[in-house]
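So the structure is just underneath, and the comments pick up after that.
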Amino acid sequence: MKIHEYQAKDILAKYGIPVQPGKVAHTPEEAEAIARELGEPVVIKAQVYVGGRGKAGGIQFGDTPEQAREAATRVLGMDIKGLTVEKVLVTSKIDIKDEYYLGIVLDRKSQAPVVMVSTAGGIDIEEVAEKTPEKIIQQPIDMRWGLRPFEALDIVTRAGFPSNILRQSAAILAALAKAFIESDANLAEINPLAYTTDGKVLAADGKIVIDDNGLFRQKEYATWAEPEEANPLEYEAKQAGLTYVKLDGDVGIIGNGAGLVMTTLDMVARAGGKPANFLDIGGGAKAEVMYKSLTFVARDPQVKGILVNIFGGITRGEEVAKGVIMAQAELPKGMPIVVRLSGTGAEEGRALLKDAGLDWGKDMRDASEKIVAAIARTEKGL
Amino acid sequence: MKIHEYQAKDILAKYGIPVQPGKVAHTPEEAEAIARELGEPVVIKAQVYVGGRGKAGGIQFGDTPEQAREAATRVLGMDIKGLTVEKVLVTSKIDIKDEYYLGIVLDRKSQAPVVMVSTAGGIDIEEVAEKTPEKIIQQPIDMRWGLRPFEALDIVTRAGFPSNILRQSAAILAALAKAFIESDANLAEINPLAYTTDGKVLAADGKIVIDDNGLFRQKEYATWAEPEEANPLEYEAKQAGLTYVKLDGDVGIIGNGAGLVMTTLDMVARAGGKPANFLDIGGGAKAEVMYKSLTFVARDPQVKGILVNIFGGITRGEEVAKGVIMAQAELPKGMPIVVRLSGTGAEEGRALLKDAGLDWGKDMRDASEKIVAAIARTEKGL
Amino acid sequence: MSILLDNTTRVIVQGITGREGQYHTRNMIAAGTNVVGGVTPSKGGQTVEGVPVFDTVAQAKAATDANASCIFVPPAGAADAIMEAASAGIKLIVCITEGIPVVDMTRAMLVVREKGATLIGPNCPGMCTPGFGKIGIIPYQIFNPGPVGFISRSGTLTYEVVSLLTGAGIGQSTCIGIGGDPIIGSTFADYLSLFEKDPQTKVVVMCGEIGGSDEEDAAEFIKTMTKPVVAFVSGRTAPAGKRMGHAGAIISGNTGTAQGKVSALQAAGVPVADTIFDIPELVKKVL
Amino acid sequence: MSILLDNTTRVIVQGITGREGQYHTRNMIAAGTNVVGGVTPSKGGQTVEGVPVFDTVAQAKAATDANASCIFVPPAGAADAIMEAASAGIKLIVCITEGIPVVDMTRAMLVVREKGATLIGPNCPGMCTPGFGKIGIIPYQIFNPGPVGFISRSGTLTYEVVSLLTGAGIGQSTCIGIGGDPIIGSTFADYLSLFEKDPQTKVVVMCGEIGGSDEEDAAEFIKTMTKPVVAFVSGRTAPAGKRMGHAGAIISGNTGTAQGKVSALQAAGVPVADTIFDIPELVKKVL
């Protein structure tokens, strides 16, 4: 789960990492009030779930509260990579002398969080990794210990941080590792770690991604979930407990099992269609889940037809068929549905579908071709 | 540092360990009010830093708020092993079916906290260890991991806890280990862990001893320090930063280095005297520390004379002599002082002492014999 | 022969008293698996599906001499269950649980590696060896003994492809669903190495998907193998940055794309099926 | 010869820029110790008492080939400093710091043991080998080279007894203050075993005190030794349950009494001095 910069900084501050004082504002007036409260020049930063907001104009400055309001007026409502800016972080402007990078990312290969540290801060670390990998020091964390202070010190020293900021940087890195582990993070990044002209070392920007699987015990962070402007349906699906990803085609797709659904998307694409979504109903779904999934997928206005692909194991064919039939009544009139059922209860399910006059495919390929053809026919008004 | 049962239970509760609701009372009226608030029969438990309070009558019951007040009246002010009861814990009475023991103690030999678990709860675990050691399961904690849930489960299972309480007991034990480690404890004990007739598993009593060396980072617990009734001087010494232990003789003893002071006590005893205290001024003490130490030791009304034994290394003899001379003016008139100085600055120090008319010993034995003799002379009015 | 599961395998089920645990224990027994006991703390002494329940894995192992475990413990306790099994000396651990926090898995893997255990999963359907039984939730009836070793990151997709193989008259030696999480106990390369040594297995089918670089690593390993491998990769139409159901199925930047995996496999000389329907034919070609 | 410290020993000082660190570095160098560098994070590049300061032990070791470290780091960071030294491959670590939380020491000892390092202390005066120098804060001028190996839990008491020995014309091979904390890197038995193998050492004097059972363990070891041992135990008048200055000097129940230790040592055939003044004579008897 992505969280905003201001939320990431709240977590960092909780672990003792210095950040500029600041607050989030939803209106220019709030931004002005916060700037007045801070009593110093501020920076207004768009809070959106994408990178590159600086280049897009999502970071602006205000030396006075009035200027802060004006800057917030420009930034709020701005479109950044398809996302509308609905809130800004109003925070003290700092005078940065040098920028460094501290990051921790879950690494599949070492099966551990890996610390990444570089003196090349303030820029995209993936770019650094690609062009000048020697500028990044990487080290997996021994999860029995966490990152011990002397290890953090050794890492920033090896990364070539200047001697005078080693102690502070190491303390921040060790705290970042603690925050990562205790917050169930997949990624925790301070970029840049700023060394200011007045000799402070602080997290000028922070990014944390929380492991969805950890949310059950990260109760505070779980409440931070919010709809991504660009994908309101995905947010609602998550709230409804559905594993749904919005895509930009017109063929709604529902199946059981992530790999099967992904393969179904590929198959539909192969048949000349464009998948509108990914929806995995998981194992052992009952008719209600099928019903909910179909009606949910149909809420996407781009969807012109729906393919249901079920390989029954724990999931029973009759239940799937019942759910589809229940849902059909509520779907837009004439919207094509093709169901493919095999495995447990497939015979019974197909019988039910037949009675309800629903189309079915004999296998994934057949079903994919049928739904693509059906949508094409509907489009032509046939 | 010892803490009271109610404080230990606050810590346990913070780690999710079930305890009875309750509050501490300083007066019978407070006890009555707490009993009324709890709205059920209560037990009144003396809060003193010694064991065996039950046998001493320090635990009494009250089925009504009025009875609670009466019970508190009996317990408050009671003397238990030389300590006056100044507060009581007023807590819900529970109906215990079975009692178990969970403890964690720092073990020097394994250099780790060792978990000790027994079905023989409610009684002194040292007695169990002596008479029926096979009833105790012991296991050191791997400090890289802490006590993991499955290890806690394995321990309570091996200890022979009944199956139906294994899950809860293991969760409590794992939480106790976490509390131990994170609180810088030397000892953390739940005795008894009670299995109540209504099927609950909870910590009916709790004991935690905090490592003095950890107090700098256990800021909340550090504020819990309070004078032990029997040893107000020890409490004050700690507040003043002096390493002081009250004993029950009449020869005040001050030295540098714990081993040296202990040996000095032994030597004074050998010379026929009885040490009044242990006071280690540590390394590199200045005249002010010496002065403070002498005047502090003299505050003990039992003290009839003072022996100062310094082997100078970083500690300089002149500083010691200056401190003694400064203090002398404020000590009871005629109180004998014998100083023994050797090592760095011993010559200079002795010269100063001589000028001030103070007695000195050529070595530890000589000085010990001199102070014992001097006190004997003073006693006889010579 | 086969890999991992054979007639010496004695299985316990951790979380046996739960709905899932009980249901699949019944199925495993029906498939011929030698399920010798189960574990649920505070439920020791009960009997489920005719096998005794113990409070701890250590007790179960002592009483039954189990050497494998199947875990149906909920996410919050599943990593602990893995550590318990490995610490008790269980050498084959199959963890079905989906949704384990990844931080927990980083810890559990330290123990699994230290104890020299093999972990399949988590977030996997388990494995089966036709003729000997299964550990996990794979539908056993779709299998036939035969020469194909099968490895997949997915559950139902596995069943689809196995059905196609069986329908085409091609049987399987052992089938493993390796799990859809970012951190899993064993990867394609680990199982490929076992199949390479297994006399029964003549060809290996691996079904990969987007995310991570296990397929690329497998491709490297395949270059050292004598046995042929046929592959399929799903998620060609998946966009970057989206978690496609499996926690591990996510393209990060340029890492983990289906095209990258297909290219790596092809570079290792592996025929990669365009659709799953092409798999039986590719297998027949190399058999 | 001697133990632990000889002419191959190259010492760094962790916490060299602090008041204590700097002062004792000067004294160590004056005693002839080969101090090759110091470590204080964020102070790298400075020079203290003529030796270079580094930011980390790893850097110091790489630059100076140090094999021993003396730690003057404050309590909050001292255990970390021990782990840093051990992890960097330093084989002899002397930790002077008093007041380290015991929980920190339980962790540090895991690393010390894993890395095969020898830790003296913490909460100790360090050690010296007359003729080669010292690591720590022991006043070097009271020593003379000779046949007595000396081990003590105390600081100033050590100086007292060594002065008595030197005054009686008896010199020392190596002297070690093992530390007054409940958890220390090495115990009497560890050092006895080194002295047993050291050709220079003819007799060992050990000064124990109340608390723990290291003296009892030493007594067991002494039964296996060929060299004579003379002992002294302080704290005969100490009451139970009181911490006598040293965090480790506390009698718990019946454990850790002076009488128990004296009895155990006597049972192992060790002459135990009644007062420290009897020690030189006892040593002369067995020399």
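It should be emphasised that the depicted structure is a prediction, and the values quoted were computed from it without experimental measurement. So that the names make sense, note that chain A is the first sequence line, chain B the second, and so on, each numbered from 1.
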Discussion item. Under the criterion side chain to side chain contact (heavy atoms under 4.5 Å, CB included), I'd like the reasoning laid out for B:Q111 against D:M105: C-alpha separation, chi angles, the key distance, then a yes or no.
Written reply: CA-CA 8 Å; B:Q111 303 194 314; D:M105 278 309 301; over 6 Å; no
Worksheet entry | Contacting region of D:E209 [heavy-atom separation from chain B under 4.5 Å] | side chain
Fill in: Atom group of D:D217 that falls short of 4.5 Å from chain B, counting heavy atoms
side chain
Worksheet entry | Heavy-atom pair of closest approach, residues B:L106 and D:T106 | CD1-CG2, 3.9 Å
Discussion item. For the CD atom on B:Q302, are there more than 12 heavy atoms of other groups (residues, nucleotides or ligands in this structure) within a distance under 6.0 Å?
Written reply: yes
Practice prompt. Mind running side chain to side chain contact (heavy atoms under 4.5 Å, CB included) on D:S163 and B:F311 for me, showing each step along the way?
Written response: CA-CA 10 Å; D:S163 297; B:F311 188 100; 3.4 Å; yes
Worksheet entry | Interchain contact, D:S152 with chain B, by part (heavy-atom threshold 4.5 Å) | neither
Practice prompt. Determine yes or no for a side-chain-to-main-chain donor-acceptor pair under 3.5 angstrom, with B:D211 supplying the side chain and D:P101 the backbone.
Written response: no
Fill in: Interchain contact, B:D124 with chain D, by part (heavy-atom threshold 4.5 Å)
neither
Worksheet item: Rounded to the nearest 0.5 Å, how far apart are CD of D:E160 and CG of B:N309?
Response: 6.0 Å
Worksheet item: What distance separates B:S342 OG from D:I142 CD1, expressed to the nearest 0.5 Å?
Response: 9.0 Å
Response to the item:
Heavy atoms of D:I276 and B:T263 approach each other most closely as CG2-CG2, 4.1 Å
Worksheet item: B:D266 versus chain D, heavy atoms under 4.5 Å apart: side chain, backbone, both or neither?
Response: both
Worksheet, complete the sentence: Residues D:S234 and B:G259: closest non-hydrogen pair is OG-O, 4.0 Å
Item to complete: Check the pair B:L247, D:K242 against side chain to side chain contact (heavy atoms under 4.5 Å, CB included), reporting the backbone distance first and the verdict last.
Response: CA-CA 10 Å; B:L247 303 168; D:K242 293 285 187 183; 5.7 Å; no
Worksheet item: D:L110 versus chain B, heavy atoms under 4.5 Å apart: side chain, backbone, both or neither?
Response: side chain
Worksheet item: Of all heavy-atom pairs between D:R243 and B:V245, which one has the smallest distance, and what is that distance?
Response: O-CG2, 3.4 Å
Worksheet entry | Heavy-atom proximity to chain B below 4.5 Å, by part of D:I138 | neither
Response to the item:
Ranked by heavy-atom pairs below 4.5 Å to chain B, first place among D:Q141, D:R107, D:M109, D:M244 goes to D:M244
Item to complete: Give a yes or no on whether D:E98 atom CD has more than 12 heavy-atom contacts from other residues, nucleotides or ligands under 6.0 Å away.
Response: no
Item to complete: Quick one: closest heavy-atom pair of B:M262 and D:A249, and the distance?
Response: CE-CB, 3.8 Å
Worksheet entry | Option that, when pairs with chain B are counted at under 4.5 Å, heavy atom only, ranks first among D:G241, D:G99, D:P239 | D:G99
Worksheet, complete the sentence: Distance col, row D:T255:OG1 vs B:R108:CZ, nearest 0.5 angstrom, shows 9.5 Å
Worksheet, complete the sentence: Heaviest contributor of heavy-atom pairs below 4.5 Å to chain B, chosen from D:Y159, D:F277, D:F232, is D:F277
Discussion item. Looking at every non-hydrogen atom in both residues, tell me the closest pair between D:T237 and B:L265 and how far apart they are.
Written reply: OG1-CB, 3.3 Å
Discussion item. Using a 4.5 Å heavy-atom cutoff, which residues in residues 267-280 of chain B come close to chain D?
Written reply: B:M267, B:A269, B:R270, B:F278
Worksheet item: What residue in B:G282, B:A258, B:G255, B:G343 has the most heavy-atom pairs under 4.5 Å with chain D?
Response: B:A258
Practice prompt. Determine whether more than 12 heavy atoms belonging to other residues, nucleotides or ligands lie under 6.0 Å from atom CD of D:Q266.
Written response: yes
Worksheet entry | Residue list, side chain to side chain contact (heavy atoms under 4.5 Å, CB included) with D:A258, at least two apart or on another chain | D:I210, D:V233, D:R236
Discussion item. If we define contacts as heavy-atom pairs under 4.5 Å, which of D:P75, D:G248, D:A238, D:P125 has the most with chain B?
Written reply: D:G248
Discussion item. Between D:D104 and B:R217, does any side-chain N to carboxylate O distance fall below 4.0 Å?
Written reply: yes
Discussion item. Does D:D274 have more than 12 heavy atoms from other residues, nucleotides or ligands lying within 6.0 Å of its CG?
Written reply: yes
Worksheet item: For chain B, which of D:G180, D:A247, D:C207, D:G235 has the most heavy-atom pairs under 4.5 Å?
Response: D:G235
Practice prompt. Name the region of B:I181, side chain, backbone, both or neither, that has any atom closer than 4.5 Å to a heavy atom of chain D.
Written response: both
Fill in: Worked verdict on B:I310 versus D:T156 for side chain to side chain contact (heavy atoms under 4.5 Å, CB included)
CA-CA 9 Å; B:I310 302 295; D:T156 38; over 6 Å; no
Worksheet item: chain D heavy atoms under 4.5 Å from B:N186: which part of the residue, side chain, backbone, both or neither?
Response: side chain
